[in-house]
Protein chains: 2
Amino acid sequence: MMEVDFDCCSFFKAVADPNRVKIMMLLARRELSVSEICAHFKMKQPSISHHLGVLKNARIVESRKEGKEVFYRLNACCVSSCCSGFMKRFAGGGEGA
Amino acid sequence: MMEVDFDCCSFFKAVADPNRVKIMMLLARRELSVSEICAHFKMKQPSISHHLGVLKNARIVESRKEGKEVFYRLNACCVSSCCSGFMKRFAGGGEGA
DNA sequence: CTATAATATAGACAGAAATCAATATGATGG
DNA sequence: CCATCATATTGATTTCTGTCTATATTATAG
């Protein structure tokens with residue numbers, strides 16, 4: 001009962017990278033294909049695929065294949081559930097600024 | 001307006017390590033000195049100090065010196081504010097499990 | 001002032017992670 | 001079947017991170 005929730009750790013590890021957060025912000029608006037995501041970055045396509053893989057392992061995004069393309073979308077429930085679950089562990093400070 | 005919040009990134013990077021989360025859980029109950037924290041880990045004291053430094057830089061913990069000892073306490077407001085701020089960015093999925 | 005206790009800092013090292021170039025896979029058009 | 005486009009995977013390289021040992025700092029006791 002004093003142990004750490006490793007599921008949440010994979011969520012936080014995924015979210016600890018600014019490029020991945022930027023991808024999440026793009027996907028928060030609408031579903032996008034990999035190449036559409038690439039268009040927003042200087043990074044090369046394999047790096048984007050790598051980050052998408054990390055996000056997908058953490059259940060933060062989901063994907064759908066359509067012809068040659070793969071569309072990614074945000075799993076907003078995962079974000080809410082991990083964040084609110086984490087907050088609740090440390091309740092007592094109330095709502096921050 | 002499409003840029004990433006780097007303050008929150010330092011929070012998430014800090015929280016992405018299981019040992020640091022465990023420290024946070026210990027401090028959620030009560031203020032503790034460094035050696036009291038050490039007693040809960042197999043890690044050596046300098047590693048604990050390192051983690052405490054990371055948590056402190058991220059404003060997740062605060063410290064107070066008393067004699068030879070340094071007491072750390074959780075800044076629960078920081079946790080709530082970062083988590084809830086992050087959730088709100090990705091609102092739309094509602095409350096998760 | 002010296003010894004000791006508590007904590008922090010510095011430096012070294014190993015393992016993890018990010019990026020890239022190159023290539024493989026899979027779908028589609030001709 | 002062959003060429004092409006979109007994406008994923010592999011392998012190499014570099015950078016970052018966590019841990020350790022050794023040492024410095026700070027406070028207190030004697």
Taking OP1 and OP2 of D:dA6, is either one under 4.0 Å from a side-chain nitrogen or oxygen of A:S35?
->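 For D:dA6, neither OP1 nor OP2 has a side-chain N or O of A:S35 closer than 4.0 Å.
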
So does B:K13 get a side-chain nitrogen or oxygen closer than 4.0 Å to the phosphate oxygens (OP1/OP2) of D:dT17?
->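 Checking D:dT17 against B:K13, a side-chain N or O does come within under 4.0 Å of OP1 or OP2.
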
Below 3.5 Å, does any donor atom in the side chain of B:Q45 face an acceptor in the base of C:dA8, or the other way round?
->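 Side chain to base: pair present.
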
Between B:V54 and A:I48, which has a closest nucleotide on DNA chain D that is more 5'?
->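 Mapping each residue to its closest nucleotide by heavy atoms, the 5'-most match is A:I48.
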
Rounded to whole angstrom units, what separation is found between the [atom1] atom of [X] and the [atom2] atom of [N]?
X     : N      : atom1 : atom2 : value
A:N57 : C:dA17 : CG    : P     : 11 Å
A:K56 : D:dT9  : NZ    : P     : 9 Å
A:Y72 : D:dT7  : OH    : P     : 9 Å
A:R20 : C:dT19 : CZ    : C1'   : 12 Å
A:F71 : C:dA27 : CZ    : P     : 15 Å
B:E66 : D:dT26 : CD    : C1'   : 15 Å
A:L55 : C:dA17 : CG    : C1'   : 14 Å
A:D17 : C:dA16 : CG    : P     : 18 Å

Selection from [options] that lies nearest to any side-chain heavy atom of [X]:
X     : options               : result
B:S49 : D:dC20, C:dT7, C:dT28 : C:dT7
B:H50 : D:dG18, C:dA27, D:dA6 : D:dG18
A:K65 : C:dG26, D:dT9, C:dA5  : C:dG26
A:E69 : D:dT19, D:dG18, D:dT7 : D:dT7
B:V34 : C:dG26, C:dT7, C:dC20 : C:dT7

So, A:R64 and A:E62, do they make that salt bridge, N to O below 4.0 Å?
->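 Salt bridge between A:R64 and A:E62, a charged N being under 4.0 Å from a carboxylate O: no.
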
With the side chain counted from C-beta on, respond yes when A:P46 and A:H50 share a heavy-atom pair under 4.5 Å apart, and no when they do not.
->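 Not touching, per the 4.5 Å side-chain cut-off.
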
Student check: side-chain heavy atoms of A:M24 and B:F90 closer than 4.5 Å |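 Yes - at least one pair of side-chain heavy atoms lies under 4.5 Å apart.
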
Would you say B:R20's side chain and B:V15's backbone share a donor-acceptor pair under 3.5 angstrom?
->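 Not at all, since once roles are kept as given, no pair shorter than 3.5 Å links the two residues.
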
Just checking A:H51: base, sugar-phosphate only, or nothing, at a heavy-atom cut-off of under 4.0 Å?
->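 Contact class for A:H51: sugar-phosphate only.
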
Should the ring pair A:F12 and B:F12 be called parallel, tilted or perpendicular, given that the plane angle runs from 0 to 90° and is split at 30 and 60?
->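 A:F12 vs B:F12 ring planes: parallel.
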
